[in-house]
Amino acid sequence: LKLGQAHTHKEWNGTGTTPHFSDIILGRCYTYTQIEQPELSQKDCQEIVKAFQNAFLSKDPCSSREKDYQPLLNLTSQTIPCGKVVFWSKAGELAHQYTRVQREMFTLEDTLLGYMADGLSWCGDAGSSDMNYQSCPHPRKDCRNNTVSVFWDTVSKRFAKSACGTVQVVLNGSYSNTFDKNSTFGRVEIYNLRPEKVPTLQAWVMRDLEGLPSHTCSSSLINDLKLILEERKIAFTCQDDYRPLRLLQCVRNPEHQSCRSVM
Ligand code: C8R
């Protein structure tokens, strides 16, 4: 133990808490509720940040549970209109570009809680009331039930449960695991869709312009997804290289061979 160091945190293999974590989530909460979605202007961002911190401070970051985040969930309820939900797996950037243009559509990061937490890392320590800025548990190298993974599982579950109308998912056709049973989408979201409220899931399998042709709607992985949904009484449709998303890819790379004919 180094002299002068009040308490040392446990050392993990993942990135530590993002510097200025609490200031960032407070600022994002105000930006979202006051500017992006003023219908949520009554939300109390100070309380929300407190609930977020209480979910993990002074706790073992490898024994995080859904119920730790329950008070935070209660303070951040939000209604998403039917037919406007977009899920994604390994295609977050494209899905976010899509909802940025299609302003009425929502990925999880277009809801308050997803917006606040996107791209951040956070954890505490059972032996201290501080955040651990040095390191946090890595999901594979340290533990599955870490503060960040449990958060995304919990909020993804709520997001899927509350979805209504036709839902969409953006999948990455250039990735070997285009549909991954162990991803949040494949493990949490599809099983939490409510068949009474969600008649159909539309999948868009998008290949990168530069990517190797890997999977399409006719791949057996996509058929696995189809079978899971049909078992759950949710209809499934699939389209390769959905034009509105392809056009977004082409904005970045207008001279690409595959972009010359899409217009
Ligand atoms: N979702 C899950 N994880 C999320 C997330 C999100 O919205 N936003 C971030 N930043 N993350 P992936 P997936 C973090 O394999 O596992 C929801 C988490 O650390 O590309 O299928 C969302 O609604 C997580 O481990 O996708 C979406 O539909 C990775 O980024 C799915 O779940 C996401 O890794 C996406 O999750």
Side-chain angles (χ1 to χ4, degrees), residues 12-18 21 24-25 28 32 52 55-56 61-62 64 66 69 72-73 76 78 80 84-100 102 105-123 135-164 166-194 198 201-206 208 211 214-215 221-222 224-225 228-229 234 245:
W12 305 104
N13 296 295
T15 353
T17 302
T18 308
F21 174 79
I24 293 171
I25 59 172
R28 285 182 175 181
Y32 190 88
F52 205 142
F56 67 95
C62 273
S64 191
E66 211 175 292
Y69 286 105
L72 174 62
L73 260 57
T76 53
Q78 183 175 2
I80 308 301
K84 304 298 181 192
V85 164
V86 179
F87 300 107
W88 52 268
S89 195
K90 310 291 182 292
E93 198 178 313
L94 187 58
H96 294 135
Q97 287 168 356
Y98 179 54
T99 58
R100 178 161 294 197
Q102 297 281 323
M105 307 293 289
F106 288 82
T107 62
L108 182 52
E109 285 72 22
D110 300 301
T111 69
L112 174 57
L113 213 39
Y115 183 91
M116 287 173 62
D118 191 22
L120 305 182
S121 178
W122 62 92
C123 67
S135 66
C136 288
H138 185 281
R140 267 167 292 111
K141 295 178 191 159
D142 295 308
C143 54
R144 182 58 250 209
N145 288 334
N146 64 79
T147 40
V148 176
S149 300
V150 170
F151 170 87
W152 287 114
D153 283 3
T154 305
V155 295
S156 300
K157 181 175 169 182
R158 171 171 79 170
F159 187 53
K161 267 186 172 173
S162 66
C164 54
T166 297
V167 298
Q168 307 180 19
V169 63
V170 184
L171 299 174
N172 186 342
S174 295
Y175 186 78
S176 57
N177 251 342
T178 297
F179 169 64
D180 179 358
K181 287 182 166 152
N182 298 315
S183 67
T184 315
F185 174 69
R187 184 173 40 82
V188 178
E189 291 177 328
I190 53 174
Y191 294 102
N192 281 286
L193 292 170
R194 293 287 131 103
V198 178
L201 180 136
Q202 296 178 316
W204 317 121
V205 176
M206 300 304 299
D208 295 339
S214 209
H215 290 286
L221 278 178
I222 299 296
D224 295 344
L225 171 60
I228 293 169
L229 288 160
I234 295 171
L245 291 169

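Remember, it's a predicted structure, so these values are computed and weren't measured experimentally. Numbers here simply count residues along the sequence, with the first being 1. One-based numbering, in listed order, for ligands and for the atoms of each.
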Any idea how W122 and F56 line up, ring-wise: parallel (<30°), tilted (30 to 60°), or perpendicular (>60°)?
tilted

Atom indices of ligand 1, in the order listed, that fall short of 4.0 Å to a heavy atom of K90
12 (P), 15 (O), 20 (O), 26 (O)

d(L229 CG, L201 CG) to nearest 0.5 Å is 5.5 Å

Compute the ring centroids of Y191 and F185, then answer whether they are less than 6.0 Å apart.
no

Could you tell me the residue and atom name of the protein heavy atom closest to atom 6 (C) of ligand 1, and the distance to it rounded to 0.1 Å?
E109 OE2, 3.1 Å

Could you tell me which atoms of ligand 1, counted from 1 in the order shown, lie closer than 4.0 angstrom to a heavy atom of S156?
1 (N), 2 (C), 17 (C), 32 (O)

T99 side chain to F106 main-chain N or O, any donor-acceptor pair under 3.5 Å?
no

Kindly check if the number of other-residue, nucleotide or ligand heavy atoms within 6.0 Å of CZ (R100) is above 12?
no

Atom 10 (N) of ligand 1: nearest protein contact (heavy atom, Å)
D118 OD1, 3.0 Å

If the cut-off is 4.0 Å to any non-hydrogen atom of S89, which atoms of ligand 1 fall inside it?
13 (P), 21 (O), 26 (O)

Minimum distance, heavy atoms only, to atom 18 (C) of ligand 1: which one of W88, W152, F151 is it?
W152

Considering non-hydrogen atoms of the protein only, which is the closest contact for atom 22 (C) of ligand 1, and what is the distance?
E189 OE2, 3.3 Å

Nearest-neighbour protein heavy atom for atom 25 (O) of ligand 1, which is reported as residue plus atom name and distance
T184 OG1, 4.7 Å

Is the closest side-chain donor-acceptor distance between D153 and S156 under 3.5 Å?
no

Tell me whether atom 16 (O) of ligand 1 lies less than 4.0 Å from at least one protein heavy-atom position.
yes

Indicate yes or no: does an N/O atom of G186 lie under 3.5 Å from an N/O atom of ligand 1?
no

Give the numbers and elements of all ligand 1 atoms closer than 4.0 Å to a heavy atom of L108.
6 (C), 7 (O), 17 (C), 23 (O)

Between Y98 and E93, do the side chains contain an N or O donor and an N or O acceptor separated by less than 3.5 Å?
no

Could you check whether S64 and R144, counting side-chain N and O atoms only, form a donor-acceptor pair closer than 3.5 Å?
no

